[in-house]
Each structure stands twice: as structure tokens, then as C-alpha cells.
Amino acid sequence: MSKSITFKIQPGGSLQGSARVPGDKSMSHRSIMLGSLADGITHVKGFLEAEDALATLQAFRDMGVTIEGPVNGEVTIHGVGKHGLQAPKKPLDLGNSGTSMRLLSGLLAGQAFDCVLTGDKSLSGRPMKRVTDPLAAMGADIKTTEKGTAPLYITGRAGQLNAIDYTMPMASAQVKSCLLLAGMYAQGTTTVTEPAPTRDHTERMLGGFQYPVKQDGSKVSITADGKLTACDIDVPSDISSAAFFLVGASIAPGSDLTLQHVGINPTRTGVIDILRLMGAKIEVLNERTVGGEPVADLHVVYSPLKGIDIPEDLVPLAIDEFPVLFVAAACAEGQTRLSGAEELRVKESDRIQVMADGLKILGVNAEPTPDGMVIQGGAIGGGTVVSHGDHRIAMAFSIAGLRADAPITVLDCLNVNTSFPEFKDLVKNLGLDLTCHEASAESI
């Protein structure tokens, strides 16, 4: 029985106190993938128990890997080695997770068995040729729909993949990671060159599992000559989830908030840099390194924001945080302009159009452009907005309630469970007046 979830937010409030948001989604995915291919037993702490990461976990169980947990964020993976995966008995359903589908397409292209990757309606509309085209150049056999979307039919080509020297046309950590994972099964040296820095969790974690990866500026190289050795992983809090609270505390007068144990990998901290350029007061405290990843506590207090032209070099470093950054821009004095972000149009939704439509409903002057948006800061009103099943859109419009002058209703919020199921409770505990209403689809 399908259900729908609606968020209703009363205007005003502030965010106060201390919280630890859930574990990083990117690292949770990769810990399962690499731990499964490792020799030995890998222990993971801080694993994100949300639908996307659980889809990856189930996929590897379906390929014969014994995985215990998760229990309170702890997972134990009994690795089967680089060549130990078994053919799944049925298609691997990856739900809403683009990361799972794109990374697995590379990982599975060089296996000795065939498989099918499927997903929900949203995932089945997302572009997959960005990974299947370069994989085909390596000798992979992957069939998509005519539109280049899922389901993906992968014919295993064990021992038949050849290395590639690939310059990515877009800045995408998923494409880079997909090709590196395929490169672990290819003859020769696979090199990926990126046009701008993207998150480097795959390279860091491969190093943690003692698999050789060579980095030279914007190039990353890998060969099939290596094995993964089990290790312990402590997943830091996800900065993409923390971003909603960083913006919320920045825009709501009276806010004083500390977010604990947040991953501050330099390929992910664009949201902090952009908010600081707008005048946000964010302190990075207690910096430390955990499992090869930089971690810190973030302290943020309310500060009046000013509109800016967002530097294009920061765009790839904040690509997932723009829905809530648009809310910050709506609360800022003056104009904020984003360009160079056409990637936002092919996320879980067209995040440029969907955010512009919603902001206009709330009375904000927001004009979409082909590769970004121009927002005139001012007052935020109330109204009913549609998230189009996109978890980050739903959470961003919830945060807007802190500065709204009338109630906001956000429709279609079920997919918040894909990345941040605790969001509604945590944001309420910190000071936002949000209620969650569930209904079965049949009664709508």
C-alpha cells in the first residue's frame, strides 16, 4: 500500500541546541561496496540507516555477501574478495538511489555473471548514458532504454574490460567512481580526468582498504593489480544533511546551534564557503581526522545574509546543497545569482525549476536560467509547494518556514526517508514547528 507524506510548517521559530545529523550517504554506500569486495571482515560505525544506503546493502546481500546489521549505525561486512560476488537471483532494485545504480554499473560490468539494475520512477528517469557510454568504450555490455535510462541490463565481461583514459564532460563524482570501480577489473591503467574537483570519497576509501590509487592533479588512475583488505570505518555526519540546519540557523533570528562530528572533506564544503560569503557566522571547531576523512563540529548563529554572485568554482563542491541555499538567498538582502549548475536539472528532480516554482508560490522573486537561478531576497510568504518526490526539495522548503510569515505546506515528502528519516523529529526538537501527516495513496 503506497502512502503519501505531507509536511506542515508553522511560521517562525529558531534553531537552538546541539545535534548530530546522520552518517554521510556517499561514504555509507562506498563502505558496503568496498567492504564486500575486501578480504576479511570490515566493521562500519555511523552507517546511514536510510533507504538509499540500505538499497546498496541489500544489493550486496543479494550477491551472496553476509552483512550483519545495521544496528544503531553499526554494520559488519564479511568480505568475499574482489572476485567473490555471486549472480543475484533477481533484478537488483536500487529504489531512489542514483549513487547505487551508477557505481554498481561500473563494478558489475567486469563480473563473471549477468544482472539487471532497476529503480523507482524517479531513478528510472535519470540519465545513465554518462556512465554506460564510457563503460562501453572499456568493452562493457550494458543495455539501457531508448532514452538511456534504467533498467540496466548488464552482461558480465569478466577478463574482457580494457582500461580507458577518460576526460569527463561534466563534474560528477558518480561517473568518476563508476569508472574507477570498473578499472579494478580492466586490463591496463584506467585514468579519469575531471573538469572540476568533485567529492573524493571513493579514492580515499580505496586507500583505506589498501588498494593502490594514483592521484595527479585532476587525474585519478587505477589498475586491476591490487586487492582490498578489510578495515574499520567510522562514517562522519553528512554535510549535505547538516546544510539544512546551517541555513536554518543562519536565517532564523535567535538561533545558536552546534552540529557534531560533521565530515568536512574539502570536496564537500562548498556550502560553508558560500554561506560565509553571504555573511553567515559558521565556526569550524575541534577539527580532527577519522578514518582518513576530516571531521569537525560546526557552530552557527543567526546573522543577516547578503546576496552574492556564487563563484562557479564552488558549484561542484555544493551541488547537492543548492535547494536549501536557494532558501538562504530568498532571505538575503539583495540579489543572489547562480550559474554553471546545469547538473541540478538532472537530479532527483529538475531542482532549478522545482525550487523556482516553489519559491514563486511563497512570494519570492526567483527566475530560473538554463544553468542556475537569479533570486531577489525579501520576505517569504506561505502557501502549498510540491517537492516532486525530491527529498532535498522537501527539506529545503521546510526550513523556509523559519522565516515565513504564514504556514507552508510541502506535498510529496515520502522520499525524505531515502536520505534523512530523522529529519522531521530532529528539526522539531531544535525549534521548527513541523507536523507530519501520512495518508494512504488510495485515500487521497
Going by atom types only, do [X] and [Y] share a side-chain donor-acceptor pair under 3.5 Å?
X      : Y      : result
Arg102 : Gln174 : yes
His261 : Asn286 : no
His29  : Ser31  : no
Glu312 : Ser339 : yes
His391 : Ser419 : yes

Determine whether [X] and [Y] make a side-chain contact, defined as any pair of heavy atoms from C-beta on separated by less than 4.5 Å.
X      : Y      : answer
Ile282 : Arg276 : yes
Leu85  : Leu37  : yes
Pro236 : Met27  : yes
Leu275 : Leu246 : yes
Ile164 : Asn162 : no
Thr149 : Ser124 : no
Lys45  : Ile233 : no
Ser26  : Asp24  : yes

Describe, in one word, how the ring planes of Phe245 and Phe420 are oriented to each other, choosing from parallel (under 30°), tilted (30 to 60°) and perpendicular (over 60°).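 Judged by the thresholds at 30° and 60°, the geometry between Phe245 and Phe420 is tilted.
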Yes or no on side-chain contact (heavy atoms from CB on, under 4.5 Å) for Ile239 and Val271, after CA distance, side-chain angles and deciding distance? CA-CA 9 Å; Ile239 195 166; Val271 63; 4.2 Å; yes
Check step by step if side-chain hydrogen bond (donor to acceptor under 3.5 Å, both in side chains) holds for Gln260 and Ser18. CA-CA 7 Å; Gln260 301 155 348; Ser18 181; 2.6 Å; yes
Quick one: [atom1] on [X] to [atom2] on [Y], what's the gap to the nearest 0.5 Å?
X      : Y      : atom1 : atom2 : answer
Asp320 : Arg351 : CG    : CZ    : 5.5 Å
Ile41  : Glu68  : CD1   : CD    : 7.5 Å
Leu57  : Leu48  : CG    : CG    : 11.5 Å
Glu422 : Glu49  : CD    : CD    : 8.0 Å
Leu359 : Phe326 : CG    : CZ    : 8.5 Å
Asp165 : Lys219 : CG    : NZ    : 5.5 Å

I need the minimum non-hydrogen distance between [X] and [Y], along with the two atoms involved.
X      : Y      : answer
Leu179 : Pro134 : CD2-CB, 3.9 Å
Arg392 : Ser240 : NH1-CB, 3.5 Å
Thr144 : Gly148 : OG1-CA, 3.3 Å
Leu344 : Ile352 : CB-CG1, 3.8 Å
Thr267 : Asp200 : OG1-N, 3.3 Å
Cys413 : Ala394 : SG-CB, 3.8 Å

Could you check Glu74 against His43 for side-chain contact (heavy atoms from CB on, under 4.5 Å), going step by step and ending with a plain yes or no? CA-CA 7 Å; Glu74 298 201 9; His43 299 280; over 6 Å; no
Do side-chain atoms of [X] reach the backbone of [Y] as a donor and acceptor pair under 3.5 angstrom?
X      : Y      : result
Arg345 : Pro370 : yes
Asp256 : Gln16  : no
Ser387 : Leu411 : yes
Ser218 : Thr193 : no
Ser255 : Ala252 : yes
Asp412 : Gly389 : yes
Glu293 : Asn265 : no
Thr269 : Ile272 : no
Asp371 : Gly340 : yes

For Ile154 and Ile142, run side-chain contact (heavy atoms from CB on, under 4.5 Å): C-alpha distance rounded to whole Å, both residues' side-chain angles, the deciding distance at 0.1 Å, then the answer. CA-CA 4 Å; Ile154 302 175; Ile142 304 178; 4.0 Å; yes
Identified side-chain contact (heavy atoms from CB on, under 4.5 Å) partner of Phe47 from the options Asp234, Leu54, Asn72: Leu54
Check step by step if side-chain hydrogen bond (donor to acceptor under 3.5 Å, both in side chains) holds for Arg61 and Thr66. CA-CA 6 Å; Arg61 279 188 177 143; Thr66 299; over 6 Å; no
Take Lys176 and Thr202, measure what side-chain hydrogen bond (donor to acceptor under 3.5 Å, both in side chains) needs, and give me the verdict at the end. CA-CA 9 Å; Lys176 174 178 64 172; Thr202 301; over 6 Å; no
Between Tyr211 and Lys82, is there a cation-pi geometry (under 6.0 Å to ring centre, at most 45° from the normal)?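 Ring-cation test returns no.
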Under a 4.0 Å N-O cut-off, is there an ion pair linking Glu203 with Arg30? no
Charged N to carboxylate O below 4.0 Å: is that the case for Asp238 and Lys25? no
Check against side-chain hydrogen bond (donor to acceptor under 3.5 Å, both in side chains), Thr76 and His78: CA-CA 7 Å; Thr76 301; His78 298 261; 6.0 Å; no
Quick check, are the ring centers of Tyr185 and His83 under 6.0 angstrom apart?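 Yes, the ring of Tyr185 comes within the 6.0 Å limit of the ring of His83, centre to centre.
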One pair to check against side-chain contact (heavy atoms from CB on, under 4.5 Å): Leu103 and Met33. What are the steps and the verdict? CA-CA 9 Å; Leu103 270 60; Met33 294 180 187; 3.7 Å; yes
